[in-house]
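Just below is one structure, and these are the notes that go with it.
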Amino acid sequence: MRLIRHLLLLVAVQSILLSNVVSAQNAIHPVIPGDFADPSIIRADNKYYAIGTSSEWAPHFPIYTSLDLINWKQTGYLFDKAPAWTTGSFWAPEYDYHDGTYYIYYTARRKKDQISCIGVATSKYPDKGFIDQGIVVDHGKEAIDAFVFLDKGTRYMTYKAYGLDNRPIEILGVKLSKDGLRTEGEPFSMLKDDQRKGLEGQSILKKDDYYYLFYAAGNCCGIQCDYNVGVARSKSFEGPYEKYPGNPLLAENASWKCSGHGTFVEAANGKFYYLYHAYNKETAVFSGRQGMLAELIWPGQNEWPRLKEQSGPDVNPDIKLSFKDPSVDLGWQWDFRNSTTVVSQSAGKLHLSGKINEGNLSGIALTRRPVSGVFEAITAVVNSNNALKGLTYYGDATAAIGLGVTGNTVQFWSVRNKTHKILASAHLSTNGPVELKLKITADLKIAAFFKQGKQDWKELKPAGEIKTDFLPQWDRSPRIGLHFKGKPTEEAVFSSFELKYTQ
């Protein structure tokens with residue numbers, strides 16, 4: 001009997017292990033982790049290039065490169081400096097290529113009237129050297145989400161219109177000039193959101209006898225999002241388009257929600273893949289809309305397509321930077337609207353300073369795109385002055401929290417509801433470098449710690465618990481990173497930065 005019980009226990013343990021292996025195998029991971037919304041993709045010279053929304057972060061529109069569609073590395077940005085006509089809302093970039101030139105059409109808000117328009121930048125390369133060519137589409141109160149399609153030798157721009165009007169949203173099309181820098185003729189309606197659920201992020205393919213228009217329906221962003229991917233088809237490019245009765249093609253599953261806004265690429269194996277974004281259901285708005293991949297499957301001629309989700313690699317996303325390289329790491333981003341950020345590296349130190357705009361209570365944040373809202377961030381401040389220098393978890397200039405050193409004092413602070421508040425502070429007993437740590441737990445609580453030399457970590461305890469739930473902005477996740485708040489003649493100097501995810 002004891003032997004039987006032992007065998008049964010062994011079988012049970014093996015079943016549990018097998019179940020865990022199967023579960024791990026079935027897990028879906030992003031191919032581009034972290035906040036990377038509205039992605040567009042292109043293949044060139046046996047490589048894949050992807051670009052995504054940057055919203056209010058600079059540099060603008062991050063560009064990633066891959067050899068296999070699964071493993072991606074950031075290689076640059078579209079713009080280091082915002083084009084003169086723009087003021088913000090850098091959304092939905094879209095690749096195109098013809099006549100030896102790469103085009104990236106993008107949405108931005110126009111400086112003179114705050115209206116979102118579609119601009120374009122061009123280069124001889126897919127990931128560098130882009131020069132802005134100005135506005136291509138200006139339509140009413142808003143024109144966003146560009147997509148270019150070549151039909152019978154003519155290029156067309158398609159885009160979303162009427163999203164700010166008291167009428168159904170429409171996907172419009174208009175002929176592009178041969179050089180791709182302006183439109184010709186009047187726009188025409190291709191698909192209308194008669195049910196007023198939301199309609200945007202279109203991408204078009206021709207297959208057999210039909211044009212297939214893939215689109216995102218619903219609310220794109222934030223904790224209340226309900227995005228999903230649908231498809232409609234027509235025997236004419238201009239339409240009318242018939243929606244698939246079996247929509248959506250991509251919807252909420254066990255781990256991911258609010259899938260949408262992607263574009264297709266033909267891979268080296270002849271298959272088509274869809275790069276899109278979705279929210280992780282556990283980390284949601286704290287990790288943003290992450291880059292996901294799905295295979296496009298055609299069951300048969302003139303049949304409706306399917307999208308089969310693919311998984312990216314299960315990698316360790318932790319970061320440890322020592323600033324030994326003289327060039328600044330490409331992963332840093334900052335809020336360009338509320339300060340002028342100056343950053344450099346030399347001799348194993350990162351130097352951060354700049355001019356802070358009037359009314360900006362938070363200061364300058366040099367941040368990373370997090371892949372989870374549960375982490376520990378650690379840095380070492382090595383210079384001493386009256387500026388506030390340290391770590392920040394930053395949503396916007398009006399929503400931030402941080403830990404820093406000023407003079408011989410360490411401060412745990414927040415900016416919320418247009419008020420800067422010191423949550424707790426302590427006197428530093430010795431001179432020299434100060435290590436700082438912010439720890440965020442799964443229940444959104446944040447704790448602050450500091451130490452000097454061989455001391456143990458000391459916690460700065462405020463009067464009550466502090467949470468980070470006020471940080472996320474509607475279209476972008478908060479960022480964790482380094483912080484400076486002082487005069488332009490001062491600076492913060494750091495010797496290291498470490499980000500360790502605990503979930």
Side-chain angles (χ1 to χ4, degrees), residues 30-44 47-67 69-83 86 88-96 102-108 119-123 125-132 145-146 201 220-221 261-263 265 275-279 286-293 312 315 317 319 321 327-337 341 343 365-372 394 473 475-482 499:
V31 292
I32 303 179
D35 203 0
F36 191 73
D38 312 324
S40 177
I41 186 170
I42 196 170
R43 181 161 67 102
K47 289 184 180 180
Y48 302 94
Y49 298 87
I51 186 169
T53 281
S54 57
S55 192
E56 313 309 333
W57 302 102
H60 311 284
F61 298 114
I63 296 175
Y64 280 70
T65 305
S66 174
L67 293 174
L69 287 173
I70 299 298
N71 299 280
W72 292 84
K73 180 180 180 180
Q74 188 175 356
T75 54
Y77 291 91
L78 176 60
F79 299 127
D80 291 328
K81 184 179 180 181
T86 68
S89 298
F90 290 97
W91 304 329
E94 187 62 40
Y95 267 115
D96 190 33
Y102 291 91
Y103 295 74
I104 293 180
Y105 296 90
Y106 63 92
T107 298
V120 66
T122 59
S123 174
Y125 308 95
D127 61 344
K128 63 182 180 180
F130 279 91
I131 298 173
D132 185 58
D145 294 4
C220 71
C221 313
H261 199 135
T263 52
V265 67
L275 185 67
Y276 64 100
H277 72 238
Y279 281 107
F286 288 91
S287 54
R289 296 168 287 170
Q290 306 190 54
M292 311 294 292
L293 191 70
V315 298
I319 297 170
L321 300 176
S327 59
V328 177
D329 189 89
L330 286 172
W332 293 112
Q333 292 183 295
W334 54 90
D335 179 354
F336 72 99
R337 301 164 303 155
T341 301
V343 57
L366 184 69
T367 66
R368 312 290 299 198
R369 298 162 48 248
V371 301
S372 168
Y394 183 96
Q473 307 299 295
D475 69 332
R476 59 197 185 276
S477 70
R479 264 66 162 164
I480 181 68
L482 302 174
L499 185 57

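Only heavy atoms go into these numbers, but all of them, side chains included; no hydrogens, no water, no symmetry mates.
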Tell me every residue that passes side-chain hydrogen bond (donor to acceptor under 3.5 Å, both in side chains) with [X], counting only those two or more places apart in sequence or in another chain.
{"X": "Y276", "answer": "none"}
{"X": "R43", "answer": "none"}
{"X": "Y77", "answer": "Q74"}
{"X": "Y394", "answer": "D335"}

Could you work out, with side chain to side chain contact (heavy atoms under 4.5 Å, CB included) as the rule, every residue matching [X], not counting sequence neighbours?
{"X": "A108", "result": "W85, T86, F90, Y106"}
{"X": "A146", "result": "Y105, I118, M157"}
{"X": "S89", "result": "E56, W91, R109"}
{"X": "L499", "result": "I319, F375, A377, I480, F497, Y501"}

[X] side chain vs [Y] backbone, donor-acceptor pair below 3.5 Å:
{"X": "T367", "Y": "G481", "result": "no"}
{"X": "S55", "Y": "W57", "result": "no"}
{"X": "S54", "Y": "F61", "result": "yes"}
{"X": "T53", "Y": "A92", "result": "yes"}
{"X": "Q290", "Y": "P30", "result": "no"}

Worksheet item: Within 45° of the six-membered ring axis of F79 and under 6.0 Å from that ring's centre, is NZ or CZ of K81 located there?
Response: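 The answer is no; the distance or angle limit is not met.
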How close do [X] and [Y] get, counting heavy atoms only, and between which atoms?
{"X": "P93", "Y": "S40", "result": "O-CB, 3.3 Å"}
{"X": "G288", "Y": "S477", "result": "N-CB, 3.6 Å"}
{"X": "S287", "Y": "S372", "result": "CB-N, 3.9 Å"}

Do [X] and [Y] come within less than 4.5 Å of each other through their side chains, counting heavy atoms only?
{"X": "R289", "Y": "C221", "value": "yes"}
{"X": "L293", "Y": "I70", "value": "yes"}
{"X": "Y102", "Y": "D127", "value": "no"}
{"X": "H277", "Y": "D38", "value": "yes"}
{"X": "V120", "Y": "D132", "value": "no"}
{"X": "Y95", "Y": "I41", "value": "no"}
{"X": "I104", "Y": "E94", "value": "no"}
{"X": "L67", "Y": "K47", "value": "yes"}

With rounding to the nearest 0.5 angstrom, report the [atom1] to [atom2] distance, [X] to [Y].
{"X": "W332", "Y": "L366", "atom1": "CH2", "atom2": "CG", "value": "5.0 Å"}
{"X": "L275", "Y": "I51", "atom1": "CG", "atom2": "CD1", "value": "12.0 Å"}
{"X": "I42", "Y": "Y49", "atom1": "CD1", "atom2": "OH", "value": "10.0 Å"}
{"X": "I63", "Y": "K128", "atom1": "CD1", "atom2": "NZ", "value": "11.5 Å"}

Worksheet entry | R479: partners by salt bridge (Lys or Arg N to Asp or Glu O under 4.0 Å), with sequence neighbours left out |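 With sequence neighbours excluded, R479 shows a salt bridge (Lys or Arg N to Asp or Glu O under 4.0 Å) to D35, given in chain and number order.
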Worksheet entry | Those residues that, when tested against D96, pass salt bridge (Lys or Arg N to Asp or Glu O under 4.0 Å) (two or more places apart) |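 Only R155 meet the salt bridge (Lys or Arg N to Asp or Glu O under 4.0 Å) criterion with D96.
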Discussion item. If you take the centroid of each ring, where Trp contributes its six-membered ring, are Y64 and F36 closer together than 6.0 Å?
Written reply: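 Judged by ring-centre distance (under 6.0 Å), F36 and Y64 do meet the cut-off.
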Practice prompt. Show the numbers, then the answer: is there a side-chain hydrogen bond (donor to acceptor under 3.5 Å, both in side chains) between T65 and T75?
Written response: CA-CA 6 Å; T65 305; T75 54; 3.0 Å; yes
Practice prompt. Show your reasoning for whether side-chain hydrogen bond (donor to acceptor under 3.5 Å, both in side chains) applies to N71 and S66.
Written response: CA-CA 6 Å; N71 299 280; S66 174; over 6 Å; no
Discussion item. Working note: R368 + D329, criterion salt bridge (Lys or Arg N to Asp or Glu O under 4.0 Å); need CA distance, chi angles, decisive distance, verdict.
Written reply: CA-CA 10 Å; R368 312 290 299 198; D329 189 89; 3.0 Å; yes
